[in-house]
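A short write-up of the structure that comes next.
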Amino acid sequence: DNPVIVAIDGPSGTGKSSTSKAVAAKLGLSYLDTGAQYRAITWWMLNNGIDVNDPAAVADTAGKAVVVSGTDPLDPQISVDGVDVTMPIRSQEVTAAVSAVSAVPEVRSRMVEYQRAAAASAAAGIVVEGRDIGTTVLPDATAKIFLTASAAVRAARRSTELNGTVSVAATQEALTRRDAADSGRKTSPLAMAADAVEVDTSELTLDQVVDRVVALVEQKL
Ligand code: C5P
């Protein structure tokens, strides 16, 4: 049997990470958070004093950082050059800089290499979440899901994740800006694959979304 590959894409705050981890755990699959990889290389650039708004500087250094992603859905860890960055990649500084870094083709080609290698080496299969997994990274995935939710719901969820330290309005503004950048970039923008199934999570609980996605995957087996 071919390994099962589940591609889960969508904008920020639609529940991709929670859903992907739960689906992987339920189906006994590995898990890869590709957003964490773009965040890790962004953290490395900031930490090394690279001007993230200078695409040439980002392109020149993209090959230097070594990103290693754990694939355990119950405890996904990520390191860059041997430093565990699982927590620091969630900072507002990284979040604000990541779209500029991820738009640089040299960064993307390197991350896509990591992502295809992870999928190829997952014995039972893998759930891969991101923005361009179904369109570009793994176009032959077994199942492709595109998660959406209203802007207000996404902002409220993200604000809760940040323990209310940032207002819902500011969160919504930041999310909208990041999605516009991710959808508008030239290389491999955020987009739904023609053969993906869209799941609007606005009115669903996490359990309902997970059940829906598991059912969609099982249909394809
Ligand atoms: O999923 P998360 O919000 O952590 O992703 C952070 C950023 O990484 C996105 O806003 C986007 O700029 C970038 N990204 C990407 N392609 C992916 C996954 C994430 O460009 N497959």
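It should be emphasised that the depicted structure is a prediction, and the values quoted were computed from it without experimental measurement. Read the numbers this way: they start at 1 and go in the same order the structure lists the ligands and their atoms.
- Applying the 6.0 Å contact sphere to CD of Gln208 captures more than 12 heavy atoms from other residues, nucleotides or ligands.
- Between the choices Arg177, Arg131, Gln37, Lys16, the shortest heavy-atom distance to atom 2 (P) of ligand 1 belongs to Arg131.
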Next item on the list: May I have the step-by-step check of side chain to side chain contact (heavy atoms under 4.5 Å, CB included) for Val199 and Thr19, ending in yes or no?
Entry: CA-CA 11 Å; Val199 176; Thr19 303; over 6 Å; no
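- Nearest protein heavy-atom neighbour of atom 18 (C) of ligand 1: Thr34 OG1, 3.3 Å.
- Asp84 and Thr86 form a side-chain donor-acceptor contact under 3.5 Å, judged by distance and modelled atom types alone.
- Nearest protein heavy-atom contact of atom 14 (N) of ligand 1 is Tyr38 CD1, 3.6 Å.
- Closest protein heavy atom to atom 21 (N) of ligand 1: Asp132 OD1, 2.8 Å.
- In summary, the atoms of ligand 1 found under 4.0 Å from a heavy atom of Arg108, numbered by their order in the structure, are 15 (C), 16 (N), 17 (C), 20 (O).
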Next item on the list: Kindly determine whether Arg90 and Asp33 satisfy salt bridge (Lys or Arg N to Asp or Glu O under 4.0 Å), including the steps that lead there.
Entry: CA-CA 13 Å; Arg90 303 293 157 190; Asp33 178 356; 3.3 Å; yes
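- Contacts between Arg185 and ligand 1, counted as non-hydrogen atom pairs separated by less than 4.0 Å, involve the side chain only.
- Residue-to-ligand polar distances place Arg178 within reach of ligand 1: an N/O pair is separated by less than 3.5 Å.
- Under a 4.0 Å N-O distance rule, the pair Arg108/Asp132 qualifies as a salt bridge.
- At under 3.5 Å, not a single nitrogen or oxygen of Arg158, backbone or side chain, sits near a nitrogen or oxygen of ligand 1.
- At a threshold of 4.0 Å, the pair Arg158-Glu161 counts as salt-bridged, since one of the basic side-chain nitrogens sits closer than that to a carboxylate oxygen.
- For ligand 1, the atoms sitting less than 4.0 Å from at least one non-hydrogen atom of Ser99 are 10 (O), 12 (O), numbered in the order shown with element in parentheses.
- Nearest protein heavy-atom neighbour of atom 19 (C) of ligand 1: Gly35 CA, 3.5 Å.
- Partners of Asp211 by side chain to side chain contact (heavy atoms under 4.5 Å, CB included), not counting sequence neighbours, listed by chain and number: Lys26.
- What sits closest to atom 9 (C) of ligand 1 on the protein, heavy atoms only, is Asp182 OD2, 3.3 Å.
- Remark: ligand 1 atoms within the under-4.0 Å shell around heavy atoms of Ser102 are 11 (C), 12 (O), 13 (C), 20 (O).
- The hydrophobic cluster containing Leu162 also includes Val166, under a criterion of side-chain heavy atoms closer than 4.5 Å among ILVMFWY residues, counted directly or through chains of members.
- When heavy-atom distances to ligand 1 are checked against a 4.0 Å cut-off, Arg39 comes that close only through its side chain, counted from C-beta outward.
- Using a 4.0 Å cut-off between charged nitrogen and carboxylate oxygen, Arg131 and Asp9 do not count as a salt-bridge pair.
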